[in-house]
Chemist: 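I have a structure here, written as structure tokens, and I will follow up with some questions on it.
Naming: A, B, ... by sequence-line order, numbering from 1 per chain.
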Protein chains: 2
Amino acid sequence: MENNENLKFESLYLKNQICFPTYAVANKILRRYQPLLRELDLTYTQYITMMVMWEKRKVNEKDLVEALYLKANTLTELLKKLKKKGYIDIEKDKEDKRNIVIVLTDKGLALREKAVNIPSCIYQDHWLSDEEFIVFKGLLDKMLKGNW
Amino acid sequence: MENNENLKFESLYLKNQICFPTYAVANKILRRYQPLLRELDLTYTQYITMMVMWEKRKVNEKDLVEALYLKANTLTELLKKLKKKGYIDIEKDKEDKRNIVIVLTDKGLALREKAVNIPSCIYQDHWLSDEEFIVFKGLLDKMLKGNW
DNA sequence: GTTAAATATGTCGCATACGATATAATGTAG
DNA sequence: CTACATTATATCGTATGCGACATATTTAAC
């Protein structure tokens with residue numbers, strides 16, 4: 001009876017989950033970034049938003065939503081904060097007045113010089129081997145693109 | 001010059017990140033659970049907490065912190081809510097009065113019957129093949145156990 | 001044995017993240 | 001060309017998740 005019960009509920013054991021360790025590793029990653037990012041006065045979500053800005057220089061909110069796999073309402077508040085810090089400007093799009101245009105400022109661009117050291121700090125502790133990182137990233141990208 | 005700049009800041013491109021897709025997949029997973037868990041009146045974090053309770057029946061806060069890779073202050077509020085819903089009871093430990101003892105209630109145990117279908121719903125869309133899931137979970141578990 | 005360190009938990013403030021819903025602007029069907 | 005659908009963004013309320021800090025016990029040092 002006890003064995004039957006174990007069998008029936010096996011799928012609910014924490015150790016058998018895929019989603020839970022994904023969630024836990026993501027939390028662990030965020031905790032790891034925090035002290036490094038504090039020196040740039042950025043949170044993690046602000047940091048990945050700036051990554052897009054450093055690369056594209058000029059986007060609208062929809063571009064960010066797609067690049068970051070977030071929802072627009074999550075970004076609205078965050079963009080106001082980045083604007084307040086002077087890293088971006090927010091303008092109305094003349095062409096399509098529904099859009100906003102987010103533009104990297106000089107101060108925002110300058111921040112990249114301080115940010116450039118972060119990736120090597122983050123990855124230096126060898127959580128995984130180089131080969132494992134490649135496999136891991138391949139699986140993640142597949143999951144992100146997947147339609148589920 | 002433009003090429004040099006690309007090279008210098010390559011490590012800051014979103015597409016070269018490992019942490020970002022981990023974070024994005026975790027968000028995607030949480031969004032996927034939400035509608036299913038709403039029927040149980042549980043959030044995702046409450047759900048994984050209940051997983052521990054279904055298995056252990058009786059734990060203290062520290063056990064949960066270790067099992068879920070969260071911080072104690074995150075759990076304090078959450079436990080109050082689970083208590084309010086009647087799924088757990090919270091008592092003082094007589095042996096060591098610093099501890100609290102969290103006990104699964106009958107109502108909490110009964111909830112497991114409704115939860116047992118969730119895992120198959122979640123995993124049915126084949127985000128990855130069975131083999132890929134095994135590899136993925138192996139890497140996640142390694143990262144969780146790693147000391148970084 | 002008294003004091004200091006360690007442990008377990010709680011409080012507070014901040015920054016997400018989301019669904020539901022609202023609003024404004026644009027596209028489109030007939 | 002007008003009503004309706006669609007699109008892009010914003011507002012609101014709820015639930016985390018954390019660091020910093022505070023509190024209450026217990027343990028350990030000497």
Chemist: OP1, OP2 of C/dA17 versus side-chain N and O of B/Q34: anything below 4.0 Å?
Modeler: no
Chemist: Over how many whole Å does the gap from B/D96 atom CG to C/dT7 atom C1' extend?
Modeler: 8 Å
Chemist: Just call it for B/Q46: base, sugar-phosphate, or nothing, with non-hydrogen atoms closer than 4.0 Å on any strand.
Modeler: sugar-phosphate
Chemist: Classify the nucleic acid contact of B/T74 as base, sugar-phosphate or nothing, counting any heavy atom under 4.0 Å across all strands shown.
Modeler: base
Chemist: Starting at the 5' end of DNA chain D, which residue's closest nucleotide do you reach first, A/A72 or A/Y23?
Modeler: A/A72
Chemist: So which nucleotide from D/dA10, C/dT16, C/dG10 ends up closest to the side chain of A/I100?
Modeler: D/dA10
Chemist: Choosing from D/dT16, C/dA17, D/dA10, which nucleotide comes nearest the side chain of A/L30?
Modeler: C/dA17
Chemist: Is there a side-chain polar atom (N or O) of A/K80 under 4.0 Å from OP1 or OP2 of D/dT11?
Modeler: yes
Chemist: Nearest nucleotide by nearest heavy atom, which residue falls closer to the 5' end of DNA chain C, A/K85 or A/E95?
Modeler: A/K85
Chemist: Kindly indicate whether the side chain of A/R98 and the base of D/dT9 share any N or O donor-acceptor pair separated by less than 3.5 Å?
Modeler: no
Chemist: Reckon B/T43 has a side-chain N or O less than 4.0 Å from the OP1 or OP2 of D/dA15?
Modeler: no
Chemist: Do the numbers put A/K145 on top of the ring of B/W127, so that NZ or CZ is under 6.0 Å from the six-membered ring centre and no more than 45° off the axis?
Modeler: no
Chemist: Nearest-Å distance, CD (A/E61) to P (D/dT9)?
Modeler: 5 Å
Chemist: Side chain of B/K71: nearest nucleotide among C/dT9, D/dG19, D/dT16?
Modeler: D/dG19
Chemist: For the side chain of A/K62, counting heavy atoms from C-beta on, which of C/dA17, C/dG10, D/dT9 is nearest?
Modeler: D/dT9
Chemist: Closest-nucleotide mapping onto DNA chain C: is A/K94 or A/Y44 further toward the 5' terminus? I mean the 5' end.
Modeler: A/Y44
Chemist: Does B/N73 make a side-chain donor-acceptor contact with the base of D/dG17, cut-off 3.5 Å?
Modeler: no
Chemist: When the distance from CZ of B/R38 to P of C/dG19 is rounded to whole Å, what number comes out?
Modeler: 8 Å
Chemist: Just checking A/L78: base, sugar-phosphate only, or nothing, at a heavy-atom cut-off of under 4.0 Å?
Modeler: sugar-phosphate
Chemist: Would you mind reading off the distance between B/Y33 atom OH and C/dG19 atom P, rounded to a whole angstrom?
Modeler: 16 Å
Chemist: Would you kindly give the CG-to-C1' distance between A/N60 and C/dT26, to the nearest whole Å?
Modeler: 15 Å
Chemist: When the distance from CG of B/N27 to P of D/dG17 is rounded to whole Å, what number comes out?
Modeler: 10 Å
Chemist: Between P on D/dG17 and NZ on A/K28, what's the gap in Å once rounded to a whole number?
Modeler: 16 Å
Chemist: Figure out the CG/P separation between A/L79 and D/dT11, and round it to whole Å.
Modeler: 12 Å
Chemist: Is any side-chain heavy atom of B/Y87 closer than 4.5 Å to one of B/D41?
Modeler: yes
Chemist: Is there side-chain contact between B/Y33 and B/T43, with heavy atoms separated by less than 4.5 Å?
Modeler: no
Chemist: Looking at every strand, decide which applies to A/L70 at a 4.0 Å heavy-atom threshold: base, sugar-phosphate, or nothing.
Modeler: sugar-phosphate
Chemist: Would you say A/T45 places a side-chain N or O within less than 4.0 Å of OP1 or OP2 belonging to C/dA17?
Modeler: yes
Chemist: Check whether the side chains of B/K137 and A/Q17 place a donor and an acceptor atom closer than 3.5 Å, and report yes or no.
Modeler: no
Chemist: Heavy atoms, side chains only, cut-off 4.5 Å: are B/L79 and B/E61 in contact?
Modeler: yes
Chemist: Among A/L64, A/D89, A/N60, find the one that has a side chain to side chain contact (heavy atoms under 4.5 Å, CB included) with A/I102.
Modeler: A/L64
